Amino acid sequence: MGPVLIFASLIGLTFFVPEWLNLLGAEVALAGVLISTFWGGTRSGLVGMVVAGVCLLAISLLTSGVRIDLVESMALGATGLVVIGLMEVRERRSRQSLLNEKLARVERERQEAMARLDLMEARSNRVELLGEAGVILASSMDLNSTLRKVCDLLLMRLSDWCAIEISEKNGPTLPPIVLHRDESKAVVTEELQSYPLRFDHPYGAAKVISTGEAEFYPSVPRDLIDRIAHDFRHKELLNALGFASLIIVPLRARGHILGTITLARSDPSLRYDKTDLDLAQEFADRVALATDNIRLYESQKHIATTLQESLRPSLVERIPGTEVAVRYAAAGQGVDLGGDFYDIFSYGKTRWAVVIGDVSGRGARAAALTPLLKYTIRTEAMQEHEPSRILTLLNEAILRQSGEDQFCTVAYTRIDPKKDGVHITTVCAGHPAPLILRSDGAVERLGEPGTMLGAVPEVHLTEHRADLRPGDAIILFTDGVIEARRDGENFGEARLYTCSRECVGLGAEEIADTLERAVIDYSQGSLTDDMVILVVKLTPG
Amino acid sequence: MEVGLESEVRGDWTVLRVKGEVDIYTSPNFRTELIRLIEQGRNRIVLDLLGVEFMDSTGLSVLISGKKRTNERDGDLRIVCAEGPVQKILTVTGLDKIFSIHASVEDAT
């Protein structure tokens, strides 16, 4: 822009100077001005001005002797100098403003980068915190230990002290968990755990549970603790924890509020902000869902174990003149119920039945069919005395009431008293045959294979009879015993017979123990299926 | 653990060859395949279980539902197996009297 202006002004000059101005001289001066301007323009500031000025003067002097008079050429040079000077000033100004602009842009970019960094840090904190929470929440089905680990994580990452209340307005309440980063405050936190929530005192966590809305105090007002505290001692304890900044978020899962998480910082220079509040809520949502799942699991487990207790009673009816022992070992855990069951009941005063069975499949479906079997057998036994008839009726009941792929195996033994011992009648419906361990160590198979129940309408069942004398025992079991596996090989009936033979002379409890241990040892502690071992031994005479 | 399933048509019969272990994990695949064949109208089925190393009660339930379905469609389900784990479980559960059991696919078809 500068050189163009100079060029234009010089053209103008050549028009207005008097006619005696020599054309050649003007052109030489013009060329000089242009060259010096370009040359000077490439240098910055004062240097450029001085160089351009000296050049102009030299040209003026050079040309003055020839054509133009000194004063005029001086005027020409001076004009050029002024123009260049003005141009330089403009240039400097624009250079300065450019520099300022650049500086401002750099500063803006720096700030943006810092903000991005903060955001990234917050995001990575969030990802890390939620990631670690995920690991903790997935690691255990024990609520209390899980929540304690959650608190430890919060202390490490988000708060100086924290509290978890599991409490519902009209529901279950657990003692609060309060933990402080500073271990010397353990006395305080421990005492605070003896202060359960009071819904008649609607401040702090109780208020959050009632409203479902988080409470957020970037800076805790002086009177807040007064309002939260139940009494003077409570207030002292709370003060000892230190409240500078406080977040209380609800634990929400499946439309319920299960409790709260309280986070606090005691250092006034580290206050919570909106990001912390959002993170705390997101964290709490995950904890809440896991808490709800654990509670659901616990209640299912409770139902399952109650059901299990009814299907596999730890106390069975005593049969006079006998010792009875039962062992049950589960392959699965918790709610993963197997379908093994057993029952002992009397017909009238002197006859007894010992039943053992296994329902196909596992879990709730198997558990649901088992009571049907158990009570159908008991009911039929009231009307029918023949074991094969009872199981035929059971077959019909299962076919009527259960799905097409549910069936079961049962070994049913009726015990009738007789002089000097008992008479037994056994029917096996798809169930491995029980065995008799004689008092002299001989082992006999009791029963013949018959059709499993619930599979087809026509079943083939054979009754097998035997007499037992005092000191003899019957050993009933489910397939988990003979199908216990090691290196692809089954425990098998042959091994069971050998083990049983070695139990000669032992009492019912010891026989059951020995056999159970043999099977568990064989499977190296990992059973593939549940197993029941039931021993009825006639008291030696 | 995997269960191998291959089927081929032999005259009126469809042979489903099962290999490996049939247990709570693999039975669902076995069941799906067997039911698929039956629903396609193949109501005369031979199950070749010679290559089955292990079968538990969930495997039995597949055999039983297969048998029920083919019978309902006036067909039949036959089993080919040799002395071994399958034979043993069929004997213990009394199912050897319900199914027609053969020593080879040639015998069964």
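Being a predicted model, the structure only gives us computed values, none of them experimental. Numbered from 1 within each chain, the chains take letters A, B, ... in sequence-line order.
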Notebook entry, point to check: Which distance, rounded to the nearest 0.5 Å, do you find between the OG1 of A:T451 and the CD1 of B:I98?
Noted result: 4.5 Å

Check: So does B:E83 have more than 12 non-hydrogen atoms from other groups sitting under 6.0 Å from CD?
Finding: no

Next item on the list: Could you tell me the separation between the CG atom of B:D56 and the CG atom of A:D529, rounded to the nearest 0.5 Å?
Entry: 8.0 Å

Checklist line | Nearest heavy-atom neighbours spanning A:P449 and B:T91 | finding: CB-O, 3.2 Å

Margin query: Nearest 0.5 angstrom please: A:D358 CG to B:T93 OG1, how far?
Written below: 12.0 Å

Next item on the list: Please look at A:H431 and chain B and tell me whether the side chain, the backbone, both or neither of the residue comes under 4.5 angstrom of a heavy atom of that chain.
Entry: backbone

Item checked: Inter-residue atom distance B:K88.NZ - A:E493.CD, 0.5 Å rounding -> 7.5 Å

Check: What part of B:L60 gets closer than 4.5 Å to chain A, counting heavy atoms only: side chain, backbone, both or neither?
Finding: both

Margin query: With a sphere of 6.0 Å drawn around NZ of B:K19, does it hold more than 12 non-hydrogen atoms of other residues, nucleotides or ligands?
Written below: no

Notebook entry, point to check: About how many Å separate CE of A:M452 and CD1 of B:I89, when rounded to the nearest 0.5 Å?
Noted result: 7.0 Å

Note to self: If I take atom CD from residue A:E483 and atom CZ from residue B:F54, how far apart are they, to the nearest 0.5 angstrom?
What the structure shows: 5.0 Å

Check: If you tally heavy-atom pairs under 4.5 Å against chain B, which of A:D479, A:V456, A:L461, A:N490 wins?
Finding: A:V456

Notebook entry, point to check: Heavy-atom distance under 4.5 Å to chain B: side chain of A:E458, backbone, both or neither?
Noted result: backbone

